[in-house]
2 protein chains.
Amino acid sequence: MSALSQRQQRILDHIKDFVRANGYAPAIRDIQRELNISSTSVVAYNLRALESKGFIRRSNNISRAIELLQQEDGEAGTGTSVPLLGVIAAGQPIPIPGETEVEDNVLVPEQIASGDKLKDVYALRVKGYSMVDALIGDGDIVLIRYQETAENGQMVAARIRDENEVTLKRIYWEGNQVRLQPANVTMDPMYYPAANVEVQGRVVGVIRSLN
Amino acid sequence: MSALSQRQQRILDHIKDFVRANGYAPAIRDIQRELNISSTSVVAYNLRALESKGFIRRSNNISRAIELLQQEDGEAGTGTSVPLLGVIAAGQPIPIPGETEVEDNVLVPEQIASGDKLKDVYALRVKGYSMVDALIGDGDIVLIRYQETAENGQMVAARIRDENEVTLKRIYWEGNQVRLQPANVTMDPMYYPAANVEVQGRVVGVIRSLN
DNA sequence: GATAAAGTAGAACACAAGTTTGCTTTGATT
DNA sequence: AATCAAAGCAAACTTGTGTTCTACTTTATC
């Protein structure tokens, strides 16, 4: 990566500031005015340099078509947001996407999952300690991908139909029965008829704040 | 929030698609052409409606100055990214911001921390099981805020000077000594002279993928 | 110190793109 | 059917904005 001249650095910084402040990129004359550059051609010249060095992308003859390419630390980046629908524990109201109030949005880091695969993901805040042996504690946010089936041992949000409750457990299919196993040595598994248990999604990620 | 007409909805969708594809907003004529609308004034009319309903913001007489205001689930949102600097375990090379190669960037959900407070935060991938009792497992990403002091019991990245190693432990100051305590009942604490231990930051968040 | 390369200036140009205006269509209401 | 408001239409208008060209200045390089 070639180094930037002082002017190029200032132009790049100004573009970033401008985008942050306005939500769209500056025109060449905006940059010129703000940085007290004498001519638009100077700005154009340096934008060309910034483009060839890979910091921005531009489209010919199109207004404000400056796209910032590189992302530095501490700056705004883009991610995919999923709805935080509520709290999950042993014995709580049902969270179902689309049927529940959205409390908040959670931005999902790409390290957990990325892009298009997030269509059916939602987040729940964990209440209680039933999953501590699975390294999920009270107050953690779990990301759940909606799916109606699950394999043995997967961690799922499961609804017990006739009690109308949703709980976070590992699931094991045992013939006509379903074992919902807490990840906590001090707690016992619960058994239900398979027909009475409805998988509402599988845990795909965990987010915890320690502040 | 007023409902959108069919045309307004299509215009809004197109703006989102366009921004995603190009990194900048469409001009009125771009929208007109793409959606086969007969006149630019129709687009302008509906943009005005979208603005008064709070979906977008526009600036007068400025090209492509459409700013998307509302964020729906599954769409790109903005967050703050921090550098993922490497791996931390018992006995690993030192990760210090600015001195190490950046492996990746991690987008930090606002639920962990937000905005300006992220200046000195970096991320490390955890290797090993020394912190499982603190609900941090192998492969988790820990977010660490750089600070040189820590209080008793806080989870920190600590460097043992004469061994030039960094480790993730709870720290306890005990007179002239420092106790570095793993969060794993099968592991014993380590003791060092206080002068030989350097706090490199405190754990402020955890991110885990279960895919 | 000559020479080339990189950067700066100023102005004119051409098209991009938002706005305005007057008119027509549509659709609901009475 | 008459009415009225909202929505759509077409064209003209004005301003915004990227580009180009030429000339000049500074900065490296040998």
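Values in this document were obtained by computation on a predicted structure and should not be read as measured data. Every chain is numbered from 1, with letters handed out A, B, ... down the list of sequences.
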Practice problem: Counting heavy atoms from C-beta on, name the nucleotide in D:dC9, C:dA17, C:dT8 closest to the side chain of A:Arg7. | Solution: C:dT8
Quiz item: Any chance CZ of B:Arg179 has more than 12 other-residue heavy atoms, nucleotides or ligands included, within less than 6.0 Å?
Solution: yes
Quiz item: D:dG8, C:dA9, C:dA17: which one has an atom nearest the side-chain heavy atoms of B:Ser38?
Solution: D:dG8
Quiz item: In whole angstroms, how far is the P atom of C:dG18 from the CD1 atom of B:Ile66?
Solution: 7 Å
Exercise. For B:Asp30, report the nucleic acid contact type (base, sugar-phosphate, nothing); a contact means any heavy atom under 4.0 Å.
Key: nothing
Quiz item: Between A:Asn60 and C:dC15, is there a side-chain N or O to OP1/OP2 distance below 4.0 Å?
Solution: no
Practice problem: Look at the side chain of A:Tyr45 and decide which nucleotide, out of D:dG18, C:dA6, C:dG18, has an atom nearest to it. | Solution: C:dA6
Practice problem: Ignoring the backbone of B:Ser39, work out which of C:dT19, C:dA6, D:dA10 is nearest its side chain. | Solution: D:dA10
Exercise. Look at all strands and tell whether A:Thr40 reaches a base, only sugar-phosphate, or nothing, counting heavy atoms closer than 4.0 Å.
Key: base
Quiz item: When you measure from the side chain of A:Ser63, which nucleotide among D:dT17, C:dT8, D:dG16 comes out closest?
Solution: D:dT17
Self-check item: Atom-to-atom span, CZ of B:Arg48 to P of D:dG8 - whole angstrom
Solution: 12 Å
Practice problem: Give a yes or no on whether A:Asn176 atom CG has more than 12 heavy-atom contacts from other residues, nucleotides or ligands under 6.0 Å away. | Solution: no
Exercise. Specify the residue among B:Asn61 and A:Arg58 whose closest nucleotide of DNA chain D lies further upstream toward the 5′ end.
Key: B:Asn61
Exercise. Taking atom OH of A:Tyr172 as the centre, report whether more than 12 heavy atoms of other residues, nucleotides or ligands fall under 6.0 Å from it.
Key: yes
Quiz item: Is it true that the side chains of B:Ser59 and A:Tyr24 contain a donor and an acceptor less than 3.5 Å apart?
Solution: yes
Self-check item: Between D:dG18 (P) and A:Asn46 (CG): distance, integer Å
Solution: 15 Å
Quiz item: Separation of A:Gln32 atom CD from C:dA11 atom P, in whole Å?
Solution: 11 Å
Self-check item: Distance below 4.0 Å between B:Arg33 side-chain N/O and C:dA16 OP1 or OP2
Solution: no
Quiz item: Going by heavy atoms in the side chains, are B:Lys16 and B:Leu68 under 4.5 Å from each other?
Solution: yes
Self-check item: Whole-Å distance separating the CD atom of B:Gln6 from the P atom of C:dG27
Solution: 12 Å
Quiz prompt | Nearest-angstrom distance from the residue atom CG of A:Leu47 to P of D:dT20 | solution = 13 Å
Quiz item: D:dA10 base to B:Ser41 side chain: any donor-acceptor pair below 3.5 Å?
Solution: yes
Exercise. Specify the separation, in whole Å, of atom CD1 of A:Ile62 and atom C1' of C:dG18.
Key: 16 Å
Quiz item: Rounded to the nearest Å, what distance is computed from the CZ atom of residue A:Arg29 to the P atom of nucleotide C:dG10?
Solution: 14 Å
